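Heads up, the thing below is written out as structure tokens.
Computation of the quantities below employed the complete heavy-atom set of this structure, encompassing side-chain atoms and omitting hydrogens, waters and symmetry-equivalent molecules. Whatever order the structure lists them in is the order used to number ligands and atoms, beginning at 1. As the structure is a computational prediction, the values presented were derived from the model and not from experiment.
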Amino acid sequence: MTQFTDTRLFPNFSQFFDGHASQGEGASLTVVNPATGEQLTSCRAASQVQLERAISSARQAFRVWRDSTHQERSNLLNEIADTMATHEEELARLITLEQGKPLTLARFEVQGAIAWTRYTAGLDLPVSVLEQSPQRRVELQRKPLGVVASIPPWNWPLLICIWHIMPAVRAGNAVVCKPSSLTPLTTLRLFELINKIAPPGLFNIVTGSGGELGRALSEHKDIAKLVFTGSTGVGQDIMARSGANLKRLTLELGGNDAGIVLPDAQPAQIAAALFQGAFINMGQTCAALKRLYVPDALYDELCDLLWEQAKAQHVGDGMEEAVNFGPVQNAHQLKFVQTLLSAAKNEGATVLDGGQPLPAQGFFMAPTLVRDIAYDSRLVLEEQFGPVLPIVRYSTLEQAIEWANACEFGLGGSVWGTDPEQLRLVADQLDCGTVWINGHAEVLPHVPFGGSKMSGIGCEFGLEGLLEYTQMQAVNIRGE
Ligand code: NAP
Ligand code: MG
């Protein structure tokens with residue numbers, strides 16, 4: 001077990017508003033290291049009064065920031081990217097300590113946060129001219145909305161926060177962020193770094209647990225827009241509470257992405273990428289591959305190849321450089337995944353785990369495959385969000401497509417094979433926001449990402465994502 005005890009890394013404050021760090025006045029919340037199960041640190045939640053102050057701090061900053069030039073906004077984002085780059089290692093270590101992912105993946109998360117920030121800095125919000133005639137000139141302008149609330153989850157705490165707050169500020173809004181109570185430390189440190197360079201009140205953060213502050217943000221009339229990434233149930237609650245002021249919403253919710261292997265696929269060529277698509281971040285990724293459909297003829301060979309991949313993972317504390325497979329982030333999630341797994345086992349499915357010896361403490365689980373599983377097992381139908389992949393055997397492609405689509409979620413999906421025409425044909429039939437061909441879970445700053453059905457509303461990334469942080473205004477100027 002790593003002896004990493006440098007507590008100087010931990011922020012000694014739990015909120016930031018009016019450009020100043022302070023301590024919360026609410027209940028105490030504990031942050032746990034998932035690799036040991038032990039407390040890392042604790043902090044006090046923000047009280048309702050403090051939440052009000054954070055919102056009014058953002059309102060005040062917005063009054064100035066909404067008139068900033070595109071160049072000023074872009075410069076600020078680039079400076080934030082620079083400061084994240086300077087503190088890359090420190091941020092990565094904080095992510096590993098509170099989230100559990102191996103350091104290499106945590107560094108990748110920080111690098112992603114930097115790349116997304118720079119990309120967003122470079123985006124344009126052009127004014128389009130819809131008509132230029134003797135009768136009139138009509139322009140379509142994009143205005144900021146006001147105060148944007150951001151509620152990120154615990155799986156990619158830094159990156160998802162950046163996905164929320166950078167387009168918000170690039171479009172001229174001010175933000176109040178409420179990180180997950182399970183992983184607030186990296187986000188708090190990020191806001192501390194940002195507040196050294198940003199105008200006071202533009203980036204505010206409050207910590208809290210049990211959904212209390214999130215509910216207050218959903219109901220608050222001074223929040224013009226709320227961007228949330230997390231479970232579908234919480235997304236529904238946010239939507240129900242947001243009606244009072246018709247809050248703009250971007251909801252990135254659960255997923256249960258299907259992958260379909262076509263009969264002409266070459267198992268040896270796809271096994272590594274399939275494993276990666278399913279087990280990235282120990283399977284705790286919204287758009288990870290969460291159920292795999294494989295034709296009879298390739299079934300045994302592909303299951304064996306995937307098992308080889310599982311056995312090759314080095315499971316342990318992510319702070320150890322050699323480790324490439326960390327713990328599940330929290331005990332509750334681990335228990336949920338184990339419950340789905342036992343149910344599948346009781347139904348007669350075969351469980352193949354990587355067989356690694358697991359550390360005695362912490363929330364560890366070996367990368368696990370479940371074969372010969374029924375298409376309607378809970379592990380297949382529900383989002384497991386952990387290091388286990390069910391592999392369902394199919395006889396006809398029509399059946400596999402039907403199973404893939406018979407799901408309330410529609411975040412992503414993938415098709416694997418060799419014939420380009422057949423791959424496109426099947427991909428076209430998948431009902432989801434992103435479809436990958438011979439890949440899975442790749443998200444890119446310039447490619448809009450969002451779910452269909454119960455996986456969410458709206459999208460992030462690219463110009464489409466940025467526009468969600470704006471209000472359109474048509475300007476109609478009468479001519480002769
Ligand atoms: P979660 O339980 O929904 O919590 C997410 C955030 O919502 C936390 O900050 C939480 O704060 C807050 N919250 C809880 N109850 C709330 C309420 N009633 N109103 C407002 N906010 C509330 O999700 P999670 O367990 O952290 O994350 C896992 C889920 O997120 C999975 O379903 C996964 O698929 C989904 N996800 C989706 C995407 C995507 O892009 N579509 C990406 C990543 C994850 P507290 O700490 O105070 O409880
Ligand atoms: Mg599932």
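Of all protein heavy atoms, the one lying nearest to atom 32 (O) of ligand 1 is E383 OE1, 2.8 Å. Taking atom 27 (O) of ligand 1 as the reference point, the nearest protein heavy-atom neighbour is P153 CB, 3.6 Å. In this structure, the protein non-hydrogen atom closest to atom 35 (C) of ligand 1 is G230 O, 3.1 Å. Among protein heavy atoms, the minimum distance from atom 47 (O) of ligand 1 is reached at G211 N, 2.9 Å. Nearest protein neighbour of atom 5 (C) of ligand 1, counting heavy atoms only, is F228 CE1, 3.7 Å. Protein heavy atom in closest approach to atom 39 (C) of ligand 1: C286 SG, 3.1 Å. Nearest non-hydrogen protein atom to atom 12 (C) of ligand 1 is I151 CG2, 3.7 Å. The protein heavy atom nearest to atom 21 (N) of ligand 1 is G214 CA, 3.5 Å.
Using a 4.0 Å cut-off to heavy atoms of E252, the atoms of ligand 1 that qualify are 37 (C), 38 (C), 39 (C), 40 (O), 41 (N). Numbered from 1 in the order shown, with element, the atoms of ligand 1 that lie under 4.0 Å from a heavy atom of T229 read 37 (C), 38 (C), 39 (C), 40 (O), 42 (C), 43 (C), 44 (C). Under a 4.0 Å criterion applied to the non-hydrogen atoms of F449, ligand 1 contributes the atoms 40 (O). Remark: ligand 1 atoms within the under-4.0 Å shell around heavy atoms of G255 are 34 (O). When each atom of ligand 1 is checked for a heavy atom of P152 under 4.0 Å away, the hits are 6 (C), 8 (C), 9 (O). Close contacts of ligand 1 with S181, meaning ligand atoms under 4.0 Å from a residue heavy atom, involve 45 (P), 46 (O). Shown in contact with I238 at under 4.0 Å from a heavy atom are these atoms of ligand 1, numbered in order with element: 19 (N), 20 (C).
Open room surrounds CZ on F108; 12 or fewer heavy atoms of other groups in view lie less than 6.0 Å from it.
Checked against a 3.5 angstrom limit, the closest N/O atoms of S231 and ligand 1 fall inside it. Checked against a 3.5 angstrom limit, the closest N/O atoms of I160 and ligand 1 fall outside it. Of the polar atoms of F385, none of the N or O atoms is found under 3.5 Å from an N or O of ligand 1, judged by distance alone. Below 3.5 Å of separation, one finds an N or O of K178 facing an N or O of ligand 1. By the 3.5 Å distance cut-off applied to N or O atoms, D237 is counted among the residues near ligand 1. At a 3.5 angstrom cut-off on N or O pairs, W154 counts as close to ligand 1.
The minimum heavy-atom distance between G201 and S57, with the atom names listed, is CA-OG, 3.3 Å. Nearest heavy atom pair, residue T285 against residue W156, reads OG1-NE1, 3.2 Å. Between A288 and D257, the shortest heavy-atom contact is O-CB, 3.3 Å. Closest non-hydrogen pair, P199 versus L76, comes out as CD-CD2, 4.1 Å. Between V147 and A58, the closest heavy-atom pair is CG1-CB, 3.7 Å. Nearest heavy atom pair, residue P390 against residue Q384, reads CD-NE2, 3.4 Å.
Using a 4.0 Å cut-off between heavy atoms, L411 contacts ligand 1 through its side chain alone, with no backbone atom that close.
In this structure, G210 is part of the shell of residues with a heavy atom less than 4.0 angstrom from ligand 1. Ligand 1 does not have W156 within reach: every non-hydrogen atom of the residue lies 4.0 Å or more from it.
Between F13 and F16, the ring-plane angle classifies as perpendicular under the 30° and 60° cut-offs.
With ring centers used as reference points, W116 lies under 6.0 Å from F461. In this structure, F385 has its ring center closer than 6.0 angstrom to the ring center of W154.
Screening T183, T186, T187 against E98 for a side chain to side chain donor-acceptor pair (under 3.5 Å) leaves a single residue, T186.
Checking V234, T183, T207, L217 against atom 13 (N) of ligand 1, the nearest heavy atom belongs to V234. Between T232, L159, L253, N155, it is L253 that holds the heavy atom closest to atom 37 (C) of ligand 1.
A donor atom on one side chain and an acceptor atom on the other are found under 3.5 Å apart for E52 and H220.
Remark: K345 pairs with no residue by the salt bridge (Lys or Arg N to Asp or Glu O under 4.0 Å) rule, at least two apart or across chains. With sequence neighbours left out, R118 forms a salt bridge (Lys or Arg N to Asp or Glu O under 4.0 Å) with D82.
Between R93 and E90 there is no salt bridge, since no side-chain nitrogen of the basic residue lies less than 4.0 Å from a carboxylate oxygen of the acidic one.
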